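Take a look at the structure below.
In what follows, residues are counted from 1 in the order of the sequence shown. The structure presented is a predicted model; accordingly, all values stated were derived computationally and were not measured.
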Amino acid sequence: MRIDIAEKRFGSKIIFRDRSFEFQDGQRTAILAESGKGKTTLMRLLSGLDHDFRGTIDGQPQRPLVLFQEDRLSEGISVLSNLMAVTDDRDDAYNVLADVGLGGEEHLITRSLSGGMKRRLAIARILLLDFDVLFLDEPFRGLDAENKARIASLLLERSKGHTVVFITHEEEDISLLKADAVLRL
């Protein structure tokens with residue numbers, strides 16, 4: 001996948017001008033930069049969520065899967081209902097809840113969860129979906145070391161053979177997700 005950006009702006013603020021980025025198929029690429037330098041914007045362009053730029057994308061994914069910085073859960077329904085919104089397979093939903101350490105919590109209302117539990121639920125949801133490229137925006141936000149390791153292992157297993165692009169502020173995350181390449185903006 002390659003993106004050539006002649007210009008991307010928000011109002012009068014230019015985010016990218018005359019920049020190109022290439023991501024190798026089947027590799028995991030970490031994107032690092034200070035806040036406000038365009039990491040999430042680049043991810044939104046690559047995933048097809050933002051088309052408002054001058055430039056081209058070759059090899060744009062047909063089935064991108066995005067884990068946003070925000071968990072984007074339905075707060076007023078149960079943990080299980082959040083998963084059943086994306087799958088018909090109840091057994092898979094229960095299995096992935098156990099995998100992310102939320103086994104036995106399926107009947108809790110989502111708004112009652114801690115921040116780390118919500119993050120694990122958001123990750124559980126993406127583990128149930130099919131994709132050709134996986135985009136992760138600060139995937140370990142709000143997770144302790146034990147849960148980071150657990151989630152990293154699950155993400156590595158689930159994304160094996162797929163292209164993964166992830167945004168992080170943490171050097172440790174590069175190792176946890178075994179990045180093949182690091183893009184510093």
Side-chain angles (χ1 to χ4, degrees), residues 1 23-32 39-40 43-44 46-47 49 61-75 77-183:
M1 175 174 43
F23 301 86
Q24 298 300 314
D25 289 344
Q27 286 193 344
R28 290 176 298 280
T29 302
I31 301 176
L32 281 86
K39 300 178 301 295
T40 298
M43 183 192 76
R44 289 181 57 81
L46 291 167
S47 65
L49 292 172
Q62 297 300 306
R63 293 174 299 129
L65 182 57
V66 179
L67 176 70
F68 297 95
Q69 282 182 33
E70 312 83 24
D71 296 321
R72 299 191 181 194
L73 301 168
S74 295
E75 295 280 331
I77 63 175
S78 72
V79 166
L80 182 60
S81 293
N82 264 284
L83 296 186
M84 297 309 296
V86 300
T87 186
D88 294 329
D89 192 325
R90 188 174 288 272
D91 289 337
D92 275 354
Y94 277 103
N95 288 336
V96 79
L97 282 174
D99 289 344
V100 300
L102 292 175
E105 310 292 352
E106 61 273 0
H107 297 295
L108 292 177
I109 298 301
T110 302
R111 79 169 52 89
S112 70
L113 301 178
S114 71
M117 291 171 82
K118 287 179 183 179
R119 192 59 172 170
R120 287 184 282 147
L121 178 56
I123 290 167
R125 194 171 49 193
I126 69 163
L127 293 172
L128 292 168
L129 298 169
D130 202 19
F131 61 92
D132 54 0
V133 177
L134 180 60
F135 296 95
L136 305 167
D137 198 346
E138 298 184 34
F140 304 126
R141 184 185 51 76
L143 299 181
D144 60 31
E146 180 182 332
N147 280 307
K148 273 186 173 185
R150 173 197 311 246
I151 297 303
S153 177
L154 290 169
L155 289 171
L156 287 171
E157 179 183 317
R158 178 68 174 90
S159 66
K160 193 174 289 182
H162 293 280
T163 303
V164 178
V165 177
F166 65 96
I167 295 169
T168 185
H169 292 284
E170 306 291 330
E171 294 285 336
E172 172 192 15
D173 295 353
I174 296 168
S175 297
L176 279 172
L177 286 175
K178 301 184 186 314
D180 299 300
V182 178
L183 171 61

**Study point:** ring-ring contact (aromatic ring centres under 6.0 Å, His included) contacts touching residues 142-164 (sequence neighbours left out)
**Key:** Phe131-His162
Check your understanding: When you check the gap from the basic side-chain N to the acidic O, do Arg141 and Asp71 get nearer than 4.0 Å?
Key -> yes
Study note, to complete from the structure: Given the options Leu136, Asp180, Leu155, Val164 meets side chain to side chain contact (heavy atoms under 4.5 Å, CB included) only with Leu136
Point to revise | Test item: Gln27 and Thr163 side chains (from C-beta on) under 4.5 Å apart, heavy atoms | key: no
Exercise for review: Go through the steps to decide whether Glu138 and Lys39 satisfy the test salt bridge (Lys or Arg N to Asp or Glu O under 4.0 Å), and finish with yes or no.
Suggested key: CA-CA 10 Å; Glu138 298 184 34; Lys39 300 178 301 295; 5.6 Å; no
Point to revise | Side chains of Arg125 and Leu73 in contact at under 4.5 Å (non-hydrogen atoms) | key: yes
**Study point:** Validation row: Leu121, Leu83 side chains within 4.5 angstrom (heavy atoms)
**Key:** yes
**Study point:** Minimum side-chain heavy-atom gap Leu108-Leu102 below 4.5 Å
**Key:** no
Revision key, fill the gap. To the nearest 0.5 Å, atom CG of Asn82 lies from atom CG of Leu128 at 11.0 Å
Practice item. Flag the pair Leu67 / Phe135 as yes when at least one side-chain heavy-atom distance between them is below 4.5 Å, and no otherwise. Key: no
Check your understanding: When you look at CG of Asp88, are more than 12 heavy atoms from neighbouring residues, nucleotides or ligands closer to it than 6.0 Å?
Key -> no
Review point. So, are Lys118 and Glu75 salt-bridged, with charged N and O less than 4.0 Å apart?
Key: yes
**Study point:** Exercise: do Thr40 and Asp137 side chains pair donor with acceptor under 3.5 Å
**Key:** yes
